[in-house]
A.B. asks: 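Once you've had a glance at the structure underneath, I'll fire off some questions.
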Amino acid sequence: MNINYFREFLVLADCSNYMEAADRLFINQSNLSKHIISMEKELGVQLFDRTSRKVVLTRFGNLMIPYAQAISSAQVDYESAINNEREAMRGRVTVGTISGISQYHISEILQAYEESVKNGYIRLLENDTKDMILQVRQGKYDAAFAMLPDDTPIPDGMEYIPYLRDTLLAIFPVDHPLAAQEIIHLNQLKDETFILMTEDTPLYTMTVNACKSAGFSPKISYICQRIDSVLDLVTKGMGISLLTRGHTLTPPDCDPLDTPAFVTRPITPAINTKLGLYYRSDYELTPAARHFVKCVRETIEAGMKVPELER
């Protein structure tokens, strides 16, 4: 039996009218009628009562409903799975990334992959680290460039390709009294107003924990979803922040004169982070994803030059 007949059966059962069902299915009434009759002959029962102007489900038709729904749903699922795998075979990978791909030169790694495959492309999704790790774990992302505190263990079931180490800096408006100091002790910030990233980001957690270790809880005036928003508010004198060095660098393709006016200073005790590619170790990657991971590893091991950041 043609599996598409089950979907046609469900539409006719919902409409109770051949003309309306045929219009919804984009076929003519004659073909729809032939398909339903073919189903009935193969099953050996009548699915619809055609004694009135409307078609009405028989007892056997009502019995068929849940099975037709299950078959139609399975068809949608397997067609989607096959299409996704076909796309993956063609070179598509879904990759999560932190913000600041230019400052961290992640875009150059992505470019190296695209140049190594024919018809390959990357679906790049910017997200916070916590959610990206979850998306990788659930198989929704093939891999993710994520940043975590330097002492964070690799999550269970994950592989990690180390890329860069970074450190948090204090970010001040240019006219802030502390901007003149060479190094900032965290306890000097106890009376400051902080501008932070959202609560579910490692930057927020690292900042709050560092302040508490220094003996105070930060007074938070603004919570932002984007790094550039944090920097803009700092520039306008709305508060201070702690951000990684990479996030404060001028993107390679930008004019330094167009960047906000702020001052960065190292802090003590130092708060270090690590950036790398995470992917699942307990799951068979698609051919495209395996090639992407291999390309990332080879590009990093070749010794990419990243100004002002530590490899």
Side-chain angles (χ1 to χ4, degrees), residues 84-85 87-118 120-168 200-203 205-206 227 243-247 249 251-252 270-311:
N84 288 340
E85 185 66 13
E87 288 298 314
M89 293 290 289
R90 289 175 180 170
R92 187 195 74 177
V93 290
T94 300
V95 180
T97 181
I98 60 169
S99 60
I101 64 171
S102 295
Q103 294 95 320
Y104 285 109
H105 295 252
I106 293 172
S107 51
E108 296 176 21
I109 299 176
L110 303 180
Q111 185 178 22
Y113 166 75
E114 291 195 337
E115 290 175 351
S116 71
V117 295
K118 292 183 178 179
Y121 65 98
I122 296 172
R123 183 169 177 248
L124 191 64
L125 302 172
E126 189 174 302
N127 211 334
D128 66 84
T129 290
K130 182 179 178 181
D131 192 51
M132 282 195 293
I133 295 296
L134 178 62
Q135 299 289 347
V136 172
R137 193 185 298 279
Q138 293 178 346
K140 296 178 181 178
Y141 291 1
D142 293 303
F145 289 98
M147 180 178 289
L148 290 167
D150 198 31
D151 57 355
T152 304
I154 300 172
D156 291 339
M158 305 282 279
E159 289 287 343
Y160 172 69
I161 301 176
Y163 175 36
L164 295 173
R165 296 181 71 249
D166 205 346
T167 187
L168 264 62
D200 55 357
T201 61
L203 282 173
T205 303
M206 285 188 288
I227 296 291
L243 295 175
T244 59
R245 183 185 302 276
H247 282 135
L249 297 178
I271 306 168
N272 297 318
T273 66
K274 60 183 178 182
L275 170 63
L277 186 77
Y278 291 84
Y279 62 97
R280 285 179 62 175
S281 60
D282 59 352
Y283 177 79
E284 185 176 356
L285 299 175
T286 66
R290 286 199 301 272
H291 181 67
F292 175 78
V293 169
K294 178 176 179 290
C295 186
V296 170
R297 189 185 301 278
E298 291 176 349
T299 303
I300 291 174
E301 290 177 352
M304 285 189 60
K305 301 296 183 182
V306 185
E308 301 185 50
L309 294 176
E310 180 184 347
R311 284 295 307 277

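The residues of the chain are indexed from 1 along the displayed sequence. Quick caveat: nothing in here was measured; it's all calculated off a predicted structure.
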A.B. asks: For a quick check under 3.5 Å, do T152 and Y160 share a side-chain donor-acceptor pair by atom type?
C.D. replies: no

A.B. asks: For a 4.5 angstrom cut-off between non-hydrogen side-chain atoms, does K274 reach M147?
C.D. replies: no

A.B. asks: For the pair I98 and M132, evaluate side chain to side chain contact (heavy atoms under 4.5 Å, CB included) and give the outcome as yes or no after the intermediate values.
C.D. replies: CA-CA 9 Å; I98 60 169; M132 282 195 293; 3.8 Å; yes

A.B. asks: I need the minimum non-hydrogen distance between S102 and S107, along with the two atoms involved.
C.D. replies: CA-OG, 4.3 Å

A.B. asks: Grab the two heavy atoms, one from D200 and one from K130, that are nearest each other, plus how far apart they are.
C.D. replies: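 Looks like O-CB, 3.8 Å.
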
A.B. asks: Between T273 (side chain) and P149 (backbone), is there a donor-acceptor pair under 3.5 Å?
C.D. replies: no

A.B. asks: Side-chain contact test, heavy atoms from C-beta onward, threshold under 4.5 Å: evaluate it for Y163 versus I106 and give yes or no.
C.D. replies: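 Sidechains of I106 and Y163: in contact.
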
A.B. asks: Using a 3.5 Å distance criterion without hydrogens, assess whether the side chain of D142 forms a donor-acceptor pair with backbone atoms of T94.
C.D. replies: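 Between the backbone of T94 and the side chain of D142 there is a qualifying donor-acceptor contact (under 3.5 Å).
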
A.B. asks: For D282, does the CG atom sit with more than 12 other heavy atoms under 6.0 Å from it, leaving out its own atoms?
C.D. replies: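 Yes.
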
A.B. asks: Which heavy-atom pair separates Q138 from R280 by the least distance, and what is that distance?
C.D. replies: C-NH1, 4.1 Å

A.B. asks: Above 12 or not: heavy atoms from other molecules or residues under 6.0 Å from CD of E284?
C.D. replies: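 Counting neighbours around CD of E284, 12 or fewer heavy atoms of other residues, nucleotides or ligands fall under 6.0 Å, so no.
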
A.B. asks: Quick check: do I161 and E301 have side-chain heavy atoms less than 4.5 Å from each other?
C.D. replies: no

A.B. asks: Nearest 0.5 Å, what's the CG-OG1 distance between N272 and T167?
C.D. replies: 4.5 Å

A.B. asks: Can you check whether F292 reaches I122 side chain to side chain, under 4.5 Å on heavy atoms?
C.D. replies: yes

A.B. asks: Should L148 and T129 count as side-chain neighbours, where that means a heavy-atom distance under 4.5 Å?
C.D. replies: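 Yes, their side chains come closer than 4.5 Å.
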
A.B. asks: Kindly indicate whether the side chain of L124, heavy atoms from C-beta on, has any atom under 4.5 Å from the side chain of I101.
C.D. replies: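 They are in contact (side-chain heavy atoms under 4.5 Å apart), so the answer is yes.
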
A.B. asks: Roughly how far, to the nearest 0.5 Å, is CD of Q111 from OG1 of T299?
C.D. replies: 10.5 Å

A.B. asks: How far does CG of D166 sit from CD of Q103, to the nearest 0.5 angstrom?
C.D. replies: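 One gets 11.0 Å once the value is rounded to the nearest 0.5 Å.
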
A.B. asks: Just say parallel, tilted or perpendicular for the rings of Y113 and H291, cut-offs at 30° and 60°.
C.D. replies: tilted

A.B. asks: Measuring from I271:CD1 to D150:CG, what's the distance to the nearest 0.5 Å?
C.D. replies: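 Separation between the atoms: 12.0 Å.
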
A.B. asks: Is there side-chain contact between L203 and I227, with at least one heavy-atom pair below 4.5 Å?
C.D. replies: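 Yes - at least one pair of side-chain heavy atoms lies under 4.5 Å apart.
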
A.B. asks: Measure the spacing between OH of Y278 and CD of E159 and express it to the nearest 0.5 Å.
C.D. replies: 11.5 Å

A.B. asks: Do you know which two heavy atoms are closest between A144 and V136, and how far apart they sit?
C.D. replies: CB-CG2, 3.7 Å

A.B. asks: Counting C-beta onward and ignoring hydrogens, is there a side-chain heavy-atom pair between I133 and R137 closer than 4.5 Å?
C.D. replies: yes

A.B. asks: Nearest heavy-atom pair of A143 and L277: which atoms, and what distance?
C.D. replies: CB-CD1, 3.7 Å

A.B. asks: L168 and M206: which non-hydrogen atoms are nearest, and at how many Å?
C.D. replies: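 It is CD1-CE, 4.0 Å.
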
A.B. asks: Applying side chain to side chain contact (heavy atoms under 4.5 Å, CB included) to L110 and F145, what does each step give before you reach the verdict?
C.D. replies: CA-CA 11 Å; L110 303 180; F145 289 98; 4.0 Å; yes

A.B. asks: Would you find more than 12 non-hydrogen atoms of other residues, nucleotides or ligands less than 6.0 Å from R123 atom CZ?
C.D. replies: no

A.B. asks: To the nearest 0.5 Å, what is the distance between OG1 (T201) and CG (N127)?
C.D. replies: 11.0 Å

